[in-house]
Amino acid sequence: MALTHNEISGLLRLIGLTEDQEIDCETCLTHVAEFAEQELAGKSVSDGLEAVRHHLAVCAECCEEYEALCRVLGQLDAG
Amino acid sequence: MLPALLRRGNRSGPYLVDGARKNLAVSGVRCALLEASKECRPAATAEDFGLAAATIFEFRWHPSCRHHEPRTSLMGTDRTNAEWLTALLGGGTDQHSALDDLRRYLLRALRKAFARDRHLHVGFVEDMAQEALLRILERLPQFEGRSRFLTWAAAIAIRVAMSELRRRRWRDVSLDALVEQGVDAREQESAENADALLMRSERSMIVETMYDVIRGELTERQRRALLAELRGMPQVEIARQLGSNRNAIYKLTHDARKRLKRGLEAAGYRADTVQAAFFT
């Protein structure tokens, strides 16, 4: 198993972020709408949503979906 | 009569029938665009399928039919959460209207989400809006009302569409090939990078420890999933090729990361040590 520099760095970054308890992608999807609305409103997110923030940091796919959701909400709200 | 709107051309797929998801094979059905009058009318009705008209909820029209393009107005989407749920869980014309409004909203949302993907087939967003509509209805009991209903629905639609897009882009890439092929080239690249990367002995020790944990403590399945993910394969495709699902793959790689973290910590490399060695 040979890893490139980027792969080593990426893996070490993920290891550094790893928590014993993390929510999975389905749980993230359940709460991400609430998280996005609070973030877009500039509110500090509630403690219960910090797990969503953490999941978005370690899951590139959920993060990509979240960014798309924010983009959509921003554009639709702007009319 | 309810305009029983059916999928374009000869298609089979999921439809909502009596509140349940059913797969129907549909052939030769499309929205009729009457060139002379410039009016549309359904080319088929629910009775064509031996179903009661009021039980089919499918609102797709032929893409060349401009009369049924989604309205730019968001009229109908300003319901409260309670009104959405009441309408969608109810029946009759209220449900019909709510489904139609929701589908229009999802189309708009997905078009915004994929506005940069010019190469996408025009039918992709429509297909995904329809698929998302079904998924949303299936998940309706899970909606807790902590956000606007439409935000929740848009999140699901984006998940559905992006998952499908990732699946399509990666379906011809073998996980085995991704993990195994090009090792020589990668080793070469790795070796070249290693010159710069491992100049500091602490970095070298951390990387060696990480490799030791990968070799000695991760299962073959964890190694393969982790490596495929590091090389960009989406979880949905890893899951497909490993006969699993996205959640299970997340748990698999999460367990692998926890083992790696514990292995590094056991060797004296806590997160802050690694951070200082590599990222400062």
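Throughout, protein chains are lettered first and strands after them, A, B, ... in sequence-line order, and every chain is numbered starting at 1.
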Any side-chain heavy-atom pair of B:Phe124 and B:Glu164 under 4.5 Å: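 The answer is yes, as the side chains (C-beta and beyond) meet within the 4.5 Å cut-off.
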Note, A:Leu69 side chain near A:Leu73 side chain (heavy atom, < 4.5 Å): yes
Exercise: do A:Glu22 and B:Tyr250 side chains pair donor with acceptor under 3.5 Å: yes
Polar contact flag, side-chain donor to acceptor under 3.5 angstrom, A:Asp24-A:Thr27: yes
Largest heavy-atom contact set with chain B, pairs under 4.5 Å, which of A:Ala60, A:Ala33, A:Cys59, A:Cys25: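 Greatest number of close heavy-atom pairs with chain B: A:Cys25.
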Winner by heavy-atom pair count (cut-off under 4.5 Å) against chain B, out of A:Thr18, A:Leu14, A:Val72: A:Thr18
Between chain A and each of [options], count heavy-atom pairs under 4.5 Å; write down the option with the most.
options                                : answer
B:Ser163, B:Ala157, B:Ala155           : B:Ala155
B:Arg148, B:Lys261, B:Arg166           : B:Arg166
B:Glu144, B:Gln142, B:Glu229, B:Lys258 : B:Lys258
B:Pro234, B:Ala154, B:Ala115           : B:Pro234

Grab the two heavy atoms, one from [X] and one from [Y], that are nearest each other, plus how far apart they are.
X        : Y        : answer
B:Ala113 : B:Ile158 : CB-CG1, 4.4 Å
B:Leu106 : B:Ala129 : CD1-O, 3.9 Å
B:Trp170 : B:Arg231 : CH2-O, 3.7 Å
B:Gly268 : B:Thr273 : O-OG1, 4.2 Å

Side chain / backbone / both / neither for [X] at chain A, heavy atoms under 4.5 Å:
X        : value
B:Leu110 : neither
B:Arg224 : neither
B:Arg270 : neither
B:Gln235 : both
B:Leu264 : side chain
B:Lys251 : neither

Chain B neighbours within residues 36-58 of chain A, where any heavy atom lies under 4.5 Å away: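 Result: A:Glu37, A:His55, A:Val58.
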Heavy atoms from other residues, nucleotides or ligands near CD of B:Glu220 exceed 12 (cutoff 6.0 Å):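 Atom CD in B:Glu220 is packed in, count exceeds 12.
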Steps toward side chain to side chain contact (heavy atoms under 4.5 Å, CB included) verdict (B:Val160, B:Gln130): CA-CA 10 Å; B:Val160 166; B:Gln130 181 65 24; over 6 Å; no
Region of A:Glu67 in contact with chain B, defined by heavy-atom distances below 4.5 Å: neither
For B:Phe149, all residues meeting ring pair (Phe, Tyr, Trp, His ring centres under 6.0 Å), sequence neighbours excluded: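 If we apply the ring pair (Phe, Tyr, Trp, His ring centres under 6.0 Å) test to B:Phe149, skipping adjacent residues, the hits are B:Trp84, B:Phe143, B:Trp152.
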Value rounded to 0.5 Å, distance of CG in B:Leu227 from CG in B:Leu218: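 Rounded to the nearest 0.5 Å, the CG-CG separation comes to 11.0 Å.
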